[in-house]
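Below, each value reflects all heavy atoms present in this structure, side chains not excepted, and no hydrogens, waters or symmetry copies.
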Amino acid sequence: MPPRSPGAPSPGLGGRSEEGRLADLGIRFTAWAERWFPDAFIFVAIAVVVVALGALANGAPAMAVAKSFGDGFWSLIPFTMQMVFVTIGGYVVATSPPVQALIDRLALVPKTGRGAVGFVAAATMLSSFLSWGLSLIFGGLLARALARRADLHMDYRAAGAAAYLGLGATWALGLSSSAAQLQANPASLPKALLAITGVIPFSETIFLWQSILVAVILFVISVAIAYISAPGPANAMTAERLGVDVSKEDEDLGRPKQPGEWLEHSPILTVLLVAIAAGWIVQEFARQSWITAISNLNTYNLLFLTLGLLLHWRPKRFLVAVARSVPATAGILIQYPLYAAISAMLTGAKNGAGVSTSDVISHAFVSLNTTGSFPLAMGVYSAVLGFFVPSGGGKWLLEAPYVMQAANELKVHLGWAVMVYNAAEALPNLINPFWMLPLVGILGLKARDIVGFSFLQLLIHLPVVLFLLWALAFTLTYHPPVMPG
């Protein structure tokens with residue numbers, strides 16, 4: 001069969017084969033979204049306008065709205081840069097020679113094409129608990145390595161969807177959760193939000209046994225779906241049949257040609273820098289519990305950057321990896337200041353009675369919900385909004401002022417409210433093309449090639465996640481916000 005260009009309809013899907021109507025619907029949906037949905041920046045710009053109009057409608061003076069916008073715009077710069085370095089750190093670790101060698105060895109493990117798809121799903125989700133940035137790159141490179149094995153007859157589209165499950169299912173339950181990291185770091189929180197939520201450590205968010213249980217259930221379900229839904233050898237669309245070149249690229253950085261380039265190719269500075277950074281990291285873990293240490297974004301990011309530098313060994317190779325990772329951070333850099341401005345307008349622009357837009361929305365949440373129904377309502381709301389605002393940390397700043405105020409009034413465990421947001425916010429990622437872009441770039445595919453499989457995951461994840469968020473909320477007890485000392 002002659003190869004087709006990536007993104008073209010495949011015979012399997014057009015003929016309603018093993019993937020069936022659900023995958024076909026998912027592909028049609030994403031094709032529509034890719035045509036009609038603008039860049040994510042447009043959505044956040046619209047959100048700024050809507051929130052400003054809402055504040056005006058609530059009676060806030062126009063100058064107060066403008067002032068809160070400007071006051072809030074730069075308030076999130078530390079957190080913005082921290083999120084940028086989450087992306088860079090994950091990328092440099094995943095693309096280092098030792099990790100590349102590990103990926104090549106892991107690619108020898110699966111014995112069948114369907115087993116390979118399940119293997120990619122498991123490996124990707126496990127890596128997502130460490131870093132969502134690492135997960136995307138690691139999963140894509142593993143799928144490519146497996147695709148080079150002609151004996152597997154692995155469906156490359158299904159493997160690509162499996163490589164996305166870290167970001168689509170479990171990342172927000174792991175260490176790089178934007179909302180959990182933000183709430184654990186008082187210096188990164190906008191003052192208005194800190195006053196509502198206080199500091200919420202990892203021990204009350206991602207390390208709750210309830211949160212770990214949700215992560216384990218999602219892991220098992222996702223791997224099972226990935227394996228079962230993958231086409232068998234007869235119908236598998238391999239990378240070769242798709243016309244995708246997955247041959248390994250050998251990168252030659254050359255040799256130093258002049259004295260000024262010598263240190264770029266020498267590991268001397270790498271060793272010295274790693275030794276200095278390691279000394280600080282060891283002290284951080286020695287003076288406090290490891291949970292507290294790893295919940296500090298500065299410690300977390302320095303750990304990944306130091307590991308990346310060590311694994312690349314030579315400064316030149318490390319710098320090339322950093323340069324290649326930077327384009328993936330553009331959305332974070334330009335959008336997060338706008339999210340900070342939105343949060344400030346929600347809480348800071350008040351009417352003559354001293355009531356903010358956040359107060360109005362939170363009171364609506366309280367009036368429409370009880371303590372028991374709030375986790376379910378918040379989960380549905382966060383999942384729907386997540387499709388239009390595909391940014392875990394940015395969207396949290398938009399939602400948190402009013403949903404956490406409502407959680408306080410309804411006496412819902414604040415840490416669990418963060419985890420309700422985390423688990424529900426990840427759901428729309430399964431069909432949103434925005435976060436697929438770095439992965440499909442590595443795979444050489446289009447988002448529509450993999451979304452049929454991820455859409456099937458969404459259909460099963462949705463009721464399971466919402467039920468768990470609702471049921472497990474009854475096992476937790478509310479306590480008031482804890483302010484930093």
- [ ] Can you see which heavy atom on L443 is nearest to which on Y156, and at what distance?
- [x] O-OH, 2.8 Å

Task: Point-to-point distance, once rounded to the nearest 0.5 Å, from CE of M404 to CD of E409 - done: 12.5 Å

- [ ] Can you measure from CG (L194) to CD1 (I200) and round to the nearest 0.5 angstrom?
- [x] 10.0 Å

Open item on the list: Are the side chains of V93 and I137 in contact, using a 4.5 Å heavy-atom criterion?
Closed with: no

Open item on the list: For R105, give me all partners under side chain to side chain donor-acceptor pair (under 3.5 Å), at least two apart in sequence or on another chain.
Closed with: none

Open item on the list: Donor-acceptor check, side chain of S177 to backbone of A172, threshold 3.5 angstrom: yes or no?
Closed with: yes

Task: Set of side chain to side chain contact (heavy atoms under 4.5 Å, CB included) partners for V360, sequence neighbours left out - done: N58, V355

Open item on the list: Within the structure provided, determine whether L134 and F304 are in side-chain contact (heavy-atom separation under 4.5 Å).
Closed with: yes

TODO: Would you name the heavy atoms of L167 and S135 that are closest together and state the gap between them?
DONE: N-OG, 4.3 Å

- [ ] State, with a plain yes or no, whether a side-chain heavy atom of F219 is found less than 4.5 Å away from one of L126.
- [x] yes

Task: N/O donor-acceptor pair under 3.5 Å between R144 side chain and I442 backbone - done: yes

Task: N/O donor-acceptor pair under 3.5 Å between N301 side chain and N298 backbone - done: no

- [ ] Check for a donor-acceptor pair, side chain of S211 on one end and backbone N or O of L208 on the other, with a separation under 3.5 Å.
- [x] no

- [ ] Look at the rings of F467 and W470 and say which category their plane angle falls in: under 30° parallel, 30 to 60° tilted, over 60° perpendicular.
- [x] tilted

Task: Taking every non-hydrogen atom, the tightest pair across T371 and K411 - done: CG2-O, 3.9 Å

Task: Any donor-acceptor pair under 3.5 Å from N185 side chain to Q181 backbone - done: yes

- [ ] Verify side-chain contact (heavy atoms from CB on, under 4.5 Å) between Y91 and V322, making sure each step is shown before the conclusion.
- [x] CA-CA 8 Å; Y91 187 94; V322 170; over 6 Å; no

Open item on the list: Walk me through whether F207 and L175 qualify under side-chain contact (heavy atoms from CB on, under 4.5 Å).
Closed with: CA-CA 9 Å; F207 288 127; L175 294 175; 3.9 Å; yes

- [ ] Could you pull out all residues at least two apart from S176 that satisfy side chain to side chain contact (heavy atoms under 4.5 Å, CB included)?
- [x] V86, W132, W171, Y300

TODO: Determine whether more than 12 heavy atoms belonging to other residues, nucleotides or ligands lie under 6.0 Å from atom CD1 of I334.
DONE: no

- [ ] Using ring pair (Phe, Tyr, Trp, His ring centres under 6.0 Å) as the criterion, list what pairs up with F365, not counting sequence neighbours.
- [x] Y381

Open item on the list: Using the side chain to side chain donor-acceptor pair (under 3.5 Å) criterion, which residues pair with S382? Sequence neighbours excluded.
Closed with: E399

TODO: Report the distance from atom CG of L430 to atom CG of L459, rounding to the nearest 0.5 Å.
DONE: 10.0 Å

Task: Distance-minimising heavy-atom pair for Q457 and A226 - done: NE2-N, 3.5 Å

- [ ] Would you please say whether a donor-acceptor pair under 3.5 Å links the side chains of T95 and Q100?
- [x] no

Task: Nearest heavy atoms of G89 and V92, plus distance in Å - done: O-CG2, 3.3 Å

- [ ] Step by step, work out the side-chain contact (heavy atoms from CB on, under 4.5 Å) result for T357 and V51.
- [x] CA-CA 8 Å; T357 308; V51 170; 5.5 Å; no

Task: Set of residues satisfying ring pair (Phe, Tyr, Trp, His ring centres under 6.0 Å) with respect to H413, sequence neighbours excluded - done: H479

TODO: Give the intermediate values and the outcome of side chain to side chain donor-acceptor pair (under 3.5 Å) for residues Q183 and W396.
DONE: CA-CA 10 Å; Q183 290 297 155; W396 176 246; 2.9 Å; yes

TODO: Look at the side chain of H312 and the backbone N and O of P97, then say whether any donor-acceptor pair between them is shorter than 3.5 Å.
DONE: no

TODO: Using side chain to side chain donor-acceptor pair (under 3.5 Å) as the criterion, list what pairs up with K67, not counting sequence neighbours.
DONE: D71

Open item on the list: Within the 4.5 Å heavy-atom criterion, are L469 and L376 side-chain neighbours or not?
Closed with: no

Task: Test item: T329 and F85 side chains (from C-beta on) under 4.5 Å apart, heavy atoms - done: no

Task: Side-chain heavy-atom pair S68, K350 within 4.5 angstrom cut-off - done: no

Open item on the list: Could you go through L146 and L106, starting from their C-alpha distance and side-chain angles, then the distance that decides it, and tell me whether this counts as side-chain contact (heavy atoms from CB on, under 4.5 Å)?
Closed with: CA-CA 9 Å; L146 286 163; L106 290 174; over 6 Å; no

Open item on the list: Among residues at least two apart in sequence or on other chains, which ones pass side chain to side chain contact (heavy atoms under 4.5 Å, CB included) with P315?
Closed with: T270

- [ ] Could you tell me whether a side-chain N or O of S356 sits under 3.5 Å from a main-chain N or O of A349, the two making a donor and an acceptor?
- [x] no

- [ ] Check whether any side-chain heavy atom of V48 lies under 4.5 Å from a side-chain heavy atom of M345, and answer yes or no.
- [x] yes

Open item on the list: With heavy-atom distances below 4.5 Å as the criterion, would you say the side chains of T347 and L193 are in contact?
Closed with: no

Task: Donor-acceptor contact present, side-chain S127 to main-chain T124, <3.5 Å - done: yes

Task: Point-to-point distance, once rounded to the nearest 0.5 Å, from CD of Q405 to CG of L410 - done: 11.0 Å

Task: Non-hydrogen atoms of L305 and F318 that approach each other most closely - done: O-CE1, 4.0 Å

TODO: Applying ring pair (Phe, Tyr, Trp, His ring centres under 6.0 Å), name anything that partners F69, two or more places apart in sequence or on another chain.
DONE: F73

Open item on the list: So does P401 get a backbone contact from the side chain of S358, meaning a donor-acceptor N/O pair under 3.5 Å?
Closed with: yes

Open item on the list: Run the side chain to side chain contact (heavy atoms under 4.5 Å, CB included) test against P481 and tell me which residues pass, sequence neighbours left out.
Closed with: N408, L414, Y478, M483

Open item on the list: Can you list everything that forms a ring pair (Phe, Tyr, Trp, His ring centres under 6.0 Å) with F285? Sequence neighbours excluded, please.
Closed with: none

Open item on the list: Can you list everything that forms a side chain to side chain donor-acceptor pair (under 3.5 Å) with S373? Sequence neighbours excluded, please.
Closed with: N369, T370

Task: Positive for side chain to side chain contact (heavy atoms under 4.5 Å, CB included) with S454, one of L458, V451, L456 - done: V451

